[in-house]
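See structure below.
Numbering of residues begins at 1 and proceeds along the displayed sequence.
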Amino acid sequence: MSYKGPQGNKLAILKTLNKGEFVSGQYLGESLDISRAAVSKHIKSLQDMGIDIFKLSGKGYKLNHSVPLLDESAVNQYYHALSGQQKQLEVMPIIDSTNSELMRRVQNKLSINSGQVLVAEMQEAGRGRRGRTWQSPFGANLYYSYYWRLDDGLQAAMGVSIAVGLAVYDALKALYSLEVALKWPNDIYLNHKKLAGVLVELDGTVEGPCHLVIGIGINLQMPETASQQIDQPWTDIASHSNELDKDKLVAHLTYALDERLAQYQVSGLTEMVTQWNTLNAFAGEVVCLSTGQRQWRGICEGIDAQGGIVLRQDGEVKSYYGGEISLRKEVIE
Ligand code: ATP
């Protein structure tokens, strides 16, 4: 994999530090053919990105923890071992948001193939739903988007985030034996803490082809600085497993998405509803649904055949649909 552009020197410094030894500023400067002042500027901006580099006078720079970087050819090898196929997969060092980049390609009618994957080491403007920020510090976590084209119109895309949640479940189970819980419509929890988020974005017409950009952020090893910006309980893979091979994770996630989306295309959610309901993070709990303007309270019964969330309210059950609805556990004071 080659990193191009102005970030190249930072990545080269990081790769050298990733070997785990002390490295002097002079050595870095000479090997990159830049001044020591330029080296220390790069180190400062890597630190600003949340990377734990410290300096010891007389010895140089060292990383507190190595930063797992993506390697396109390793991902392709793992993916091929799982699926027997090749995949169009691209790694970018820094981007505003992997979803935004794929959506720009769709909207600008640039060449893009269904099943294509884009991953980045860092997002400068990682997004959640409704304008919220997804913390995306450099190298620490996985920032991933998968483009999928559905030819059956917008209506057919309605249940996709359910299938995607199950794909994330499949990948994390296969790789780390983790049993995650799913929060409707788009989050992945572990021990009641948010481990990953899904953001499905659509471009299409009611009848025509529908372009879906499926964004997935999975926390691998969240640095302290970024974690302070998250205003709800969160967790990362490093808190539950020693296996932090990001390349393997990309391959497993991609394979799981291929499988679940193919299943979705053939039979919609028919074969997924029961399993999703066994993984429902809020099963039987009192929850509050909210759109910002309106709120509904009830007992969370799970999802229905279309992927809507079912609440029991005053003895009656009612389904709610829509990507912009937020579900939170009701806090009883
Ligand atoms: P909702 O209840 O509406 O689904 P949400 O918390 O799931 O709310 P999202 O839009 O899915 O909202 O995600 C954004 C929110 O997730 C942020 O407001 C923040 O609280 C939290 N968050 C941001 N970055 C991370 C991260 N890397 N890991 C875990 N949680 C994060």
Exercise. Quick one: are I299 and V287 in side-chain contact, heavy atoms under 4.5 Å?
Worked result: no

Exercise. Between T291 (side chain) and R294 (backbone), is there a donor-acceptor pair under 3.5 Å?
Worked result: yes

Exercise. When rounded to the nearest 0.5 angstrom, what distance separates NZ in K194 from OH in Y189?
Worked result: 5.0 Å

Exercise. Do M272 and W276 belong together in a cluster built from hydrophobic side chains that touch within less than 4.5 Å?
Worked result: yes

Problem set entry | Salt bridge D187-K193, side-chain N to carboxylate O under 4.0 Å | no

For this session: Please work out which of the three classes, parallel, tilted or perpendicular, describes the rings of Y320 and W296, given edges at 30° and 60°.
Result: tilted

Problem set entry | Exercise: identify the closest heavy-atom pair between A157 and C210 | CB-SG, 4.1 Å

Exercise. Given the rule in the side chain to side chain contact (heavy atoms under 4.5 Å, CB included) test, do Q116 and R105 qualify, once you have shown the distances and angles that lead to the verdict?
Worked result: CA-CA 12 Å; Q116 191 169 328; R105 295 185 193 178; 3.7 Å; yes

Problem set entry | Heavy-atom donor-acceptor pair, D245 side chain to K248 backbone, under 3.5 Å | yes

For this session: Using atom types as modelled and distance alone, determine if a side-chain donor or acceptor of S267 lies under 3.5 Å from a backbone N or O of Q263.
Result: yes

For this session: Could you go through the side chain to side chain donor-acceptor pair (under 3.5 Å) check for T133 and R127 one step at a time?
Result: CA-CA 5 Å; T133 302; R127 292 183 286 116; over 6 Å; no

Exercise. Under a single-linkage definition using a 4.5 Å side-chain heavy-atom cutoff for Ile, Leu, Val, Met, Phe, Trp and Tyr, are L261 and L82 assigned to the same hydrophobic cluster?
Worked result: no

Exercise. For atom CG of N64, is the number of surrounding heavy atoms from other residues, nucleotides or ligands below 6.0 Å larger than 12?
Worked result: yes

Exercise. Yes or no on side chain to side chain contact (heavy atoms under 4.5 Å, CB included) for L289 and Q295, after CA distance, side-chain angles and deciding distance?
Worked result: CA-CA 5 Å; L289 291 186; Q295 298 199 326; over 6 Å; no

Exercise. Side chains of Q88 and N113: do they bring a donor and an acceptor to under 3.5 Å?
Worked result: yes

For this session: Consider only side-chain N and O atoms of T254 and Y144, and report whether a donor and an acceptor are under 3.5 Å apart.
Result: yes

Seminar exercise, completed: In short, I95 meets M92 closest at the heavy-atom pair CD1-SD, 3.5 Å

For this session: List the steps and the verdict of side chain to side chain contact (heavy atoms under 4.5 Å, CB included) for L220 and L142.
Result: CA-CA 7 Å; L220 269 140; L142 180 67; 4.1 Å; yes

Exercise. Which residue pairs satisfy the salt bridge (Lys or Arg N to Asp or Glu O under 4.0 Å) criterion with at least one member in residues 46-56, sequence neighbours excluded?
Worked result: K44-D48

Seminar exercise, completed: In short, K329 meets F282 closest at the heavy-atom pair CB-CE2, 3.5 Å

Exercise. Does W184 use its side chain to pair, donor to acceptor, with the backbone of G307 at less than 3.5 Å?
Worked result: yes

Check residues 168-182 and write down every donor-acceptor pair under 3.5 Å in which the side-chain atom is one partner and the other belongs to a residue at least two apart or another chain.
unit_1	atom_1	unit_2	atom_2	d
Y169	OH	E179	OE1	3.0
Y169	OH	E179	OE2	3.4
D170	OD1	R260	NH2	3.2
D170	OD2	R260	NE	2.7
D170	OD2	R260	NH2	3.3
K173	NZ	E179	OE2	2.4

Exercise. Are E330 and R297 within salt-bridge range, i.e. N to O under 4.0 Å?
Worked result: yes

Exercise. Which pair of heavy atoms, one from W148 and one from S114, lies closest together, and at what distance?
Worked result: CD1-OG, 3.3 Å

For this session: Look at the side-chain heavy atoms of Ile, Leu, Val, Met, Phe, Trp and Tyr, link any pair under 4.5 Å apart, and say whether L249 and L190 land in one connected group.
Result: yes

Exercise. So, the side chain of S241 versus the backbone of A238: is there a donor-acceptor pair under 3.5 Å, distance only?
Worked result: no

Exercise. Is it true that R328 and E285 have a side-chain N and a carboxylate O under 4.0 angstrom from each other?
Worked result: no

Exercise. Which distance, rounded to the nearest 0.5 Å, do you find between the OG1 of T235 and the CD1 of I230?
Worked result: 10.5 Å

Problem set entry | Check: A74 main-chain N/O paired with Y79 side-chain donor or acceptor under 3.5 Å | no

For this session: With sequence neighbours left out, write down each residue that passes ring-ring contact (aromatic ring centres under 6.0 Å, His included) with Y321, or none if nothing qualifies.
Result: none

Exercise. Do you see a donor-acceptor pair shorter than 3.5 Å between the side chains of N277 and T274?
Worked result: no

Exercise. Is the number of heavy atoms from other residues, nucleotides or ligands within 6.0 Å of CG (N108) greater than 12?
Worked result: yes

For this session: Please assess N141 against Q221 for the test side chain to side chain donor-acceptor pair (under 3.5 Å), listing each intermediate value before the final yes or no.
Result: CA-CA 6 Å; N141 304 319; Q221 193 163 34; over 6 Å; no

Exercise. What pair of heavy atoms forms the shortest contact from E201 to N99, and how long is it?
Worked result: OE1-ND2, 2.9 Å

Exercise. Is there a donor-acceptor pair closer than 3.5 Å between any side-chain N or O of E124 and the backbone N or O of I94?
Worked result: no

Exercise. Is D71 salt-bridged to K246, cutoff N-O under 4.0 Å?
Worked result: no

For this session: Could you pull out the closest heavy-atom pair between Q26 and R36, with the gap in Å?
Result: N-NE, 3.8 Å

